[in-house]
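Okay, so here's the structure we're looking at.
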Amino acid sequence: MSEKVPAFAAADRALQMTGPKIIAASLGRGEGSRESVEAIRREYDALAAERRRILRENGYPEDWCDVRYSCPVCSDSGYDGIEICDCLKREIVKNYLESSGLYTLTKNQTFETFSLDYYEKDDKIRMKQNAEILYRFASGFRPGQSDSFLFLGATGLGKTHLSSAVARTVIEKGYYVVYESAQNLFSAYEMRRFGQSSTVGGDEDDDLDRFLDCDLLIIDDLGAEITNKFTVSCLYNLLNMRMIRHKSVIISTNLGKDELRERYSERVTSRLFGEFSPLLFRGRDVREQKLRRTYAK
Ligand SMILES: [Zn+2]
């Protein structure tokens, strides 16, 4: 077919290129990425129409090459109606998780694997509520229109597990999520402050811009980093700018309200308690219980 009709080969090659382009654009940084997904999709539709036309004019049925599609739902266009097709979602998620280093973390820590067995009585009720609230948040996530959360509680009570589950679900919906430990986040700011690029051989600002631009920012373990005036003002500015743009943030911390106030000043703490929904994590250390159960076997 390609030898007989060179125009077909050209359209076909161009079509094959649009899949990776959609993925790249979906993972794109900054405000323009959603628009560019739309633009590529229009380009794809035009190419597909062109290919059908070439087939028709050369006496072939329009669906002549459809058998080669690996996804019968979307014919490899990546879209099922106006929704992102599951095949593209899986591809995006896989690419995204691998490139962001989140693959290992989110592989096993999902909503499905979150177990209430390690919590008792009131704690169990509370943790069930937390998981339900977060599942609703993640599965109904809308950029610029969703809540922000403050996860409060000691180590080993599922804060990271549920953060990871939220991250994965929101990524699967096709949104841009940045998940970073407080330690890494602040050291990225420190590096720019001292004139070192925090990205290897790349654009210096890009690494920090992602904290502002992403649809959902998850800061893990606030309080584990070395806090100073500079990091406090970074945190304040970051939260402030995201709140102004109605962009969601999830922060988890082992610190209590008084400790937070002491370390991050009154203005940060009042932002946290004023504009974030606090979720309390209670119970006995899950990791410790799991270890004990493993050794008891
Ligand atoms: Zn598909």
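Order of listing sets the numbers, starting from 1, for every ligand and every atom in it.
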If you measure only the distance, is there a donor-acceptor pair under 3.5 Å linking the side chains of T113 and N108? no
Sort by chain and number the protein N/O/S atoms found under 2.8 Å from the Zn ion (ligand 1). C71 SG, C74 SG, C85 SG, C87 SG
When you check the side-chain N and O atoms of S146 and H246, is any donor under 3.5 Å from an acceptor? no
Flag for T160-S163: side-chain donor and acceptor within less than 3.5 Å: no
Do Y189 and F230 have ring centres separated by under 6.0 Å? no
If you look only at distance, which donor and acceptor atoms sit under 3.5 Å apart when one is on a side chain in residues 126-135 and the other is two or more places apart or in another chain?
unit_1 : atom_1 : unit_2 : atom_2 : d
K128   : NZ     : E132   : OE2    : 3.0
N130   : ND2    : L280   : O      : 2.8

Could you tell me if T227 and R263 have a donor-acceptor pair between their side chains, going purely by distance under 3.5 Å? yes
